[in-house]
Amino acid sequence: MRKPTREVRIGSLFLGQNHPIVVQSMCATKTQDVDATFAQILQLSSAGAGIVRVAVDSPADADALEEIHRKIQKLEPAERERINLSVDLQENYRIASRIAPLVAKIRYNPGHLHHVEKEVPWREKVRWLVRVARENDIALRIGVNCGSIDPEKHAENDPIFSSALEHADWLSELGFDRFCVSLKDSTPETVLHVNRLFAEKRPEIPLHLGVTEAGIPPLGIVKSRAALEPLLFEGIGDTLRISLTVPNDRKQEEVEAGRALLADVLAGRHTVSSMWKPDGLNIISCPSCSRVQNARFVELAMQVHAMTTYAKKIPLTIAVMGCRVNGPGETDHADLGLWCGPESVNLKCRGTLLGSFSYDEILPRLKTELDRLIAGNISET
């Protein structure tokens, strides 16, 4: 039985109450590649994505979004009506005023509000975003991720929950209720925990469910189902994304996986018997998205999976991250972290930077460091 949440309009659809759960995805193309991004919006929408998200972080991105918007307006009415765009804001939150007239929803990350205009209190930044949303008749999403936590929350027991609750309470104080919340982590168990906490504390707020950096399929689907399926059976969740590391031409697999999950839940089919935990090596990789700085990131993530099969029983974590958004946080927390840049890959070992290596050099160096850690684990036992 769905737990009732308030109704929130996102363009031509609604979240909450008794409305169907919405599957969404995010473009992996560069936003400034207008034709490719427009094509991917159509690809994801045709696959069944009720909301399609794009990243905008610069004036050039905003210019491109204007062109994309014009292309969407030229579509046949039925096709145009099906497309509901959401924008992912990063550090440049002020760009919201430019892009708000072009989209149905803006997602902001509380952790990123501290990166710019540090002299301005975060509450005033959010107040400004709320004003922009109101003036343009759009919704907001408070999107909290484990890899980019508000620095003031790091010391708390449940920083994801604490950050999401603080921002939700502030939006409510401002009298703005056209928003949803997401609380995401790369560990399914944490996703379950923080979403249950939030649903208990603020049951009226629609929740966007997802496991961030779930990884390549089929493992990424298994991880996502481990967290999302129990929540959905408990009546928690109004929209969801299955975040997968896949090439651009396979991006619709996120939507297909989300729709398959919902079909199983609606039919009462339980596919998760116990909480997923890594049985040895745990490889975390972020979903392919437009923030990825080099398309070779997806290929590298797959190569890491293939290269490390010999160590699959070793209890270590490797993070393969494609951009600066969650890359620093996830690679700091992993035993070995690969943070991919435009021309090179930063390699970290338990938070310590070992150096920057070309895409051709990184796999042999990663293997050397992995073997060193394995030898150390064996010697300690």
Side-chain angles (χ1 to χ4, degrees), residues 1-26 41 44-53 81-86 88 103-105 107 138-145 164 168 177-185 188 191-212 214 217 220-244 251-272 287:
M1 177 68 69
R2 274 285 284 294
K3 294 184 177 179
T5 56
R6 66 174 170 234
E7 182 181 84
V8 173
R9 181 169 65 85
I10 313 289
S12 64
L13 55 78
F14 293 87
L15 302 182
Q17 286 193 357
N18 295 318
H19 296 287
I21 297 171
V22 177
V23 175
Q24 56 181 281
S25 185
M26 182 175 182
I41 289 169
L44 295 172
S45 177
S46 297
I51 300 171
V52 178
R53 186 156 47 113
E81 182 79 2
R82 195 175 62 216
I83 296 172
N84 298 292
L85 287 188
S86 174
D88 205 19
V103 298
K105 176 163 65 81
R107 179 262 187 169
I138 64 170
L140 294 177
R141 168 158 70 102
I142 302 168
V144 186
N145 274 4
D177 61 7
R178 195 173 166 189
F179 70 94
C180 61
V181 172
S182 63
L183 306 92
K184 296 187 180 182
D185 193 273
V191 173
L192 266 173
H193 172 66
V194 295
N195 278 277
R196 283 169 173 161
L197 280 178
F198 192 89
E200 180 179 358
K201 188 71 174 179
R202 295 295 306 268
E204 80 282 8
I205 298 177
L207 283 174
H208 167 133
L209 304 180
V211 174
T212 190
I221 296 174
V222 171
K223 281 185 179 181
S224 297
R225 276 186 172 250
L228 274 55
E229 183 181 294
L231 289 170
L232 292 171
F233 272 112
E234 292 169 22
I236 297 172
D238 301 279
T239 180
L240 62 87
R241 178 189 176 195
I242 306 291
S243 300
L244 301 176
K251 196 62 180 171
Q252 74 278 358
E253 291 181 24
E254 289 193 346
V255 183
E256 293 165 356
R259 288 168 62 88
L261 169 59
L262 287 182
D264 284 338
V265 172
L266 288 172
R269 291 188 292 266
H270 292 261
T271 66
V272 175

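Put simply, the side chain of Leu240 reaches to within 4.5 Å of the side chain of Leu262, judged on heavy atoms.
Among all heavy-atom pairs drawn from Arg82 and Ser45, the shortest one is NE-OG, 3.1 Å. Across all non-hydrogen atoms, the minimal contact from Val181 to Ala168 is CG2-CB, 4.5 Å. The two residues Ala227 and Leu192 make their nearest non-hydrogen contact at O-CD2, 3.5 Å. Pairing each heavy atom of Asn84 with each of Gly50, the nearest pair is ND2-O, 3.0 Å. Listed here is the closest heavy atom pair of Phe14 and Arg9: CE2-CB, 3.5 Å.
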Note to self: Determine whether Val23 and Ile242 satisfy the following criterion, side-chain contact (heavy atoms from CB on, under 4.5 Å), listing intermediate values before the conclusion.
What the structure shows: CA-CA 8 Å; Val23 175; Ile242 306 291; over 6 Å; no
Margin query: I'd like to know whether Leu231 forms a side-chain contact (heavy atoms from CB on, under 4.5 Å) with Arg196, so could you lay out the CA-CA distance, the side-chain angles of the two residues, the decisive distance to 0.1 Å, and finally the verdict.
Written below: CA-CA 8 Å; Leu231 289 170; Arg196 283 169 173 161; 3.9 Å; yes
Checklist line | Steps toward side-chain contact (heavy atoms from CB on, under 4.5 Å) verdict (Val52, Ile83) | finding: CA-CA 7 Å; Val52 178; Ile83 296 172; 5.6 Å; no
Check: Hey, mind stepping through Ile205 and Phe198 against side-chain contact (heavy atoms from CB on, under 4.5 Å) and telling me if it holds?
Finding: CA-CA 9 Å; Ile205 298 177; Phe198 192 89; 3.9 Å; yes
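For the pair Glu254 (side chain) and Ser25 (backbone), a donor-acceptor distance under 3.5 Å is absent.
Side-chain polar atoms of Asp238 and Thr5 form a donor-acceptor pair below 3.5 angstrom.
Taking a 6.0 Å sphere around CZ of Arg6, one finds it holds more than 12 heavy atoms contributed by other residues, nucleotides or ligands.
For the salt bridge (Lys or Arg N to Asp or Glu O under 4.0 Å) with Asp88, the lone residue among Arg107, Arg141, Arg241 that qualifies is Arg107.
Expressed to the nearest 0.5 Å, how far CG of Leu85 lies from CZ of Arg53 amounts to 12.0 Å. Once rounded to the nearest 0.5 Å, the distance linking CD of Gln24 with CG of Leu13 reads 9.0 Å.
Using a cutoff of 4.0 Å between basic side-chain nitrogens and carboxylate oxygens, Glu204 and Arg202 are scored as salt-bridged.
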